Amino acid sequence: MGWVADTLHSFNSIQFREVFNQIITLGLIVSSALVIWKGLSCVTGSESPVVVVISGSMEPGFRRGDILFLHMSKDPIRAGDIVVYSLDGKDIPIVHRVIEVHERKNSEETYILTKGDNNHEDDRVMYNYGQKWLQKHHIIGRAVGFLPYVGWATIIMSDIPVLKYILLGALGLLVLTTKE
């Protein structure tokens, strides 16, 4: 009976080690992704270096589901630049083209007006109540590159939230049950 108990104890110990190893591996993957994201943020100067286009307002240049790469440089923002901005109190960033820029001569203040290429009017209707212009602190970054259609996974998971949890659960189970 001593041999069976020792074997059973050894088996339980191995399972615990494997599960613990898988949990550590999952933690390393998640923390690596966060480090890469923060590294990209530092290199690009943008709090969000990658965004997904979620509407058709910039067609034909950018379509829904395209991923944009952003950079925030010290260069002044000019009419014609494609920027991503975020309004106070709203979570979703907006990708639109700058159509007007006003700079005050005696200060650092810059006033920016944007419009989607596929929209009929400027973005003042989307700005917060009483807001007529964007300022530099609203700008997240300038579009410097894009990958077409790669962001569709993000859009689908946002439109169908249950799918996100099913996918995360399946990936978690895969990581925990996979043996090296």
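Along the sequence shown, residues are numbered consecutively beginning with 1. Note that the coordinates shown come from a computational prediction; the quantities given were computed from them, not determined experimentally.
- Pairs engaging residues 124-134 under the side-chain hydrogen bond (donor to acceptor under 3.5 Å, both in side chains) rule: Thr114-Tyr127 [sequence neighbours left out].
- Counting heavy atoms from C-beta on, the side chains of Leu134 and Leu87 come closer than 4.5 Å.
- Between His96 and the options Val83, Asn119, Asp122, a side-chain contact (heavy atoms from CB on, under 4.5 Å) holds for only Asn119.
- Neither Val51 nor Leu40 shares a network with the other; the hydrophobic side chains, linked directly or stepwise wherever heavy atoms of I, L, V, M, F, W or Y lie under 4.5 Å apart, form separate groups for each.
- Both Ile54 and Tyr149 are part of a single hydrophobic cluster, where members link through side-chain heavy atoms under 4.5 Å apart.
- Here the CD atom belonging to Glu109 is positioned 10.5 Å from the NZ atom belonging to Lys136, to the nearest 0.5 angstrom.
- Contact annotation: the side chain of His138 never approaches that of Ile112 to less than 4.5 Å [non-hydrogen atoms, C-beta and beyond].
- Looking only at side-chain heavy atoms (C-beta outward), Tyr111 and Arg104 come within less than 4.5 Å of each other.
- There is a path of hydrophobic side-chain contacts, each under 4.5 Å, that joins Val50 to Ile92.
- Annotation: the span from Leu113 atom CG to Ile99 atom CD1 amounts to 4.0 Å, rounded to 0.5 Å.
- Scored by the side-chain contact (heavy atoms from CB on, under 4.5 Å) test, Arg97 finds Met58, Ile82, Asp117 as partners (sequence neighbours excluded).
- Every pair passing ring pair (Phe, Tyr, Trp, His ring centres under 6.0 Å) that includes a residue from residues 44-68 is listed here, sequence neighbours excluded: Phe62-Phe146.
- Between the side chain of Asp81 and the backbone N or O of Val98, no donor-acceptor pair lies under 3.5 Å.
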Please set out all donor-acceptor pairs under 3.5 angstrom arising from side-chain atoms of residues 68-79, sequence neighbours excluded.
{"residue": "Ser73", "atom": "OG", "partner": "Asp75", "partner atom": "N", "Å": "3.4"}
{"residue": "Ser73", "atom": "OG", "partner": "Arg142", "partner atom": "NH1", "Å": "3.4"}
{"residue": "Arg78", "atom": "NH1", "partner": "Glu103", "partner atom": "OE2", "Å": "3.1"}

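- Legend: salt bridge (Lys or Arg N to Asp or Glu O under 4.0 Å) pairs involving residues 153-166, not counting sequence neighbours, sorted by first then second residue: Arg64-Asp159.
- Listed by first and then second residue, the side-chain hydrogen bond (donor to acceptor under 3.5 Å, both in side chains) pairs that reach into residues 37-55 are Ser55-Ser57, sequence neighbours excluded.
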